[in-house]
Amino acid sequence: DPGDCPSGIRPDQDFTSSNFSMDIRMPGVTPAESDNYLCISQPVPSGRDSYIVDFIPHANMDTVHHMLLFGCRKPSSISSYWDCGGAVGACEDQSSIMYAWGRNAPSTKLPRDVGFLVGKNSKMPYLVLQIHYGDIKAFRDHHRDCSGITLTMTYKPQPFIAGIYLLLSYNTVIPPGNKVTNADVACDYTSFPIYPFAFRTHTHHLGKVVTGYRVRNGEWTLIGRQSPQLPQAFYPTNKDVNVQYGDTVAARCMFTGENMTTATSIGSTSNDEMCNFYIMYYMDRKHAIPFMTCMNPGPKQLFQHIPAEANIPIPV
Ligand code: IYT
Ligand code: CU
Ligand code: CU
């Protein structure tokens, strides 16, 4: 008994239905130390396309700091669960983030008729769940933890496919003592329309605010703005802002190196920094693209016109 935690695929009660659920839950684990990152993987049904249409988190704020779900070609381990906080990560080839849960953060629902495509035609045969366990005090009684998520899934083709557009800076350096350092990223958008509905920000300790925009004909329209010091979940986007051929997608991370004595660069440890703005969108199934990235340092000229709010810290 793997801690008697539910796992794997469960068909719908009604056997004629195309719906089913999939549990991705820790197999009754007791983290050894505070700030353990543990990962588990589950294959998705491979013979045919399936769609994730809802995420139901099972996590307790007292024990779990955050959860991230990835779609993967190959998980980093075949163990029932593994430590994925160090050299070994979640996936061997980082694929795509699909869901995030953070303490106290609202859980974003996929809109109606929208699903993440997994399985046969998706190049994502595995799902990997990463759980960051917080303070180990909650495990003083040595209980076994079943945290994780239940996915509501269907074989029924969905009219719209969900995807992720990740904007990231790879070359930012935050000098010590400077009150404000901006990391700017921008790309021209040259594909079929996307309809953003949620966004997520990610930095480490020095990020104060991360903001993303659509720029159309010189006009900046907010997609989302959040403090990366709040739970790094997906929050609903500003309003109905679509992105189409000819637009520019732009993001700024504002950092402060005020209290630092050395320069901080982009890297994977908590002493390094990151600048990520994730857009979760849907797209017509006819020409759906599940994952896009933008890593262009934004042109200075463009960012002269960024709204002032992008440099106003969000109180936490
Ligand atoms: C260097 C960097 O910014 N790493 C980020 C973003 C990233 C995510 C994925 C980079 C790649 C990916 O395939 I998915 I290449 C990063 O590591 N972000 C963390 C998680 O790893 C997702 C985060 O919490 O956003
Ligand atoms: Cu966390
Ligand atoms: Cu990071």
Side-chain angles (χ1 to χ4, degrees), residues 26 31 33-39 41 57 59-76 83-105 116 122-124 126-136 138 145 147-148 162-174 183-185 198-207 210 212 224 226-235 251-253 255 264-280 290-297 316:
M26 285 293 160
E33 314 157 41
S34 289
D35 287 317
N36 259 188
Y37 286 70
L38 299 181
C39 281
S41 82
N60 183 335
M61 293 201 323
D62 300 336
T63 49
V64 175
H65 183 263
H66 81 245
M67 300 195 288
L68 289 180
L69 180 71
F70 301 92
C72 272
R73 237 175 265 213
K74 198 161 181 246
S76 294
D83 185 326
C84 55
V88 180
C91 305
E92 208 146 274
D93 55 321
Q94 279 286 10
S95 287
S96 172
I97 192 171
M98 289 178 161
Y99 175 78
W101 182 93
R103 293 168 123 159
N104 304 323
F116 277 100
S122 73
K123 296 169 194 146
M124 271 178 218
Y126 291 94
L127 296 175
V128 172
L129 182 71
Q130 178 204 68
I131 298 189
H132 173 193
Y133 286 96
D135 193 338
I136 193 142
D145 185 75
S147 295
I164 297 285
Y165 191 141
L166 166 58
L167 293 99
L168 78 83
S169 167
Y170 60 89
N171 63 355
T172 296
V173 178
I174 302 155
D184 292 342
V185 192
F199 74 100
R200 174 177 178 266
T201 65
H202 174 70
T203 71
H204 301 172
H205 304 303
L206 305 183
V210 182
Q226 187 55 289
S227 164
Q229 304 309 329
L230 292 173
Q232 294 181 357
F234 281 95
Y235 293 88
R252 167 172 286 179
C253 300
F255 295 99
T264 309
S265 315
I266 302 294
S268 60
T269 77
S270 67
N271 297 323
D272 304 315
E273 268 302 335
M274 287 188 187
C275 167
N276 300 161
F277 185 79
Y278 294 87
I279 300 170
M280 193 181 282
F291 193 62
M292 303 188 235
T293 50
C294 170
M295 309 207 281
N296 287 349
V316 290

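No hydrogens, no waters, no symmetry mates; every other heavy atom, side chains included, goes into these values. Start at 1 with the first residue, then count along the sequence. In each ligand, atom 1 is the first atom listed, and ligand 1 is the first ligand listed.
Ring centroid separation for the pair Phe234 and Tyr99 does not come in under the 6.0 Å cut-off.
Closest approach between the Cu ion (ligand 2) and any N/O/S atom of His132 involves ND1. The name of the N, O or S atom in His66 nearest to the Cu ion (ligand 2) is ND1. The N, O or S atom of His65 with the smallest distance to the Cu ion (ligand 2) is ND1.
Inter-residue side-chain proximity for Met124 and Phe291 is flagged as unmet; no heavy-atom pair is nearer than 4.5 Å. Residues Pro228 and His202 are not in side-chain contact: their nearest non-hydrogen atoms beyond the backbone lie 4.5 Å or more apart. Counting heavy atoms from C-beta outward, Arg200 and Leu68 have side chains that approach closer than 4.5 Å.
Counted within 6.0 Å of OH on Tyr126, heavy atoms from surrounding residues, nucleotides or ligands total 12 or fewer; the atom is thus considered open.
Nearest-heavy-atom check against atom 2 (C) of ligand 1 across Met274, Glu273, Met98, Gln232 picks out Met274.
In this structure, Tyr170 has no heavy atom closer than 4.0 Å to ligand 1.
Of all atoms in ligand 1, listed by their number and element, those nearer than 4.0 Å to a heavy atom of Phe70 are 22 (C). Residue contact check: His202 has heavy atoms under 4.0 Å from atoms 18 (N), 19 (C), 23 (C), 24 (O), 25 (O) of ligand 1. Short contacts between ligand 1 and Leu166, defined as distances under 4.0 Å to a heavy atom of the residue, involve ligand atoms 7 (C), 8 (C).
Distance CG/Asp93 to SG/Cys72: 6.0 Å, rounded to 0.5 Å.
Geometrically, ligand 1 and Arg200 share a nitrogen or oxygen pair separated by less than 3.5 Å. At under 3.5 Å, a nitrogen or oxygen of Asn276, whether backbone or side chain, sits near a nitrogen or oxygen of ligand 1. No N or O atom of Ser169 sits closer than 3.5 Å to an N or O atom of ligand 1.
Using cut-offs of 30° and 60° on the angle between ring planes, the pair His132 and Tyr37 is parallel.
For the pair NE2 of His202 and SD of Met274, the angle whose vertex sits at the Cu ion (ligand 3) is 110° to 10 degrees.
A donor atom on one side chain and an acceptor atom on the other are found under 3.5 Å apart for Asp145 and Ser147.
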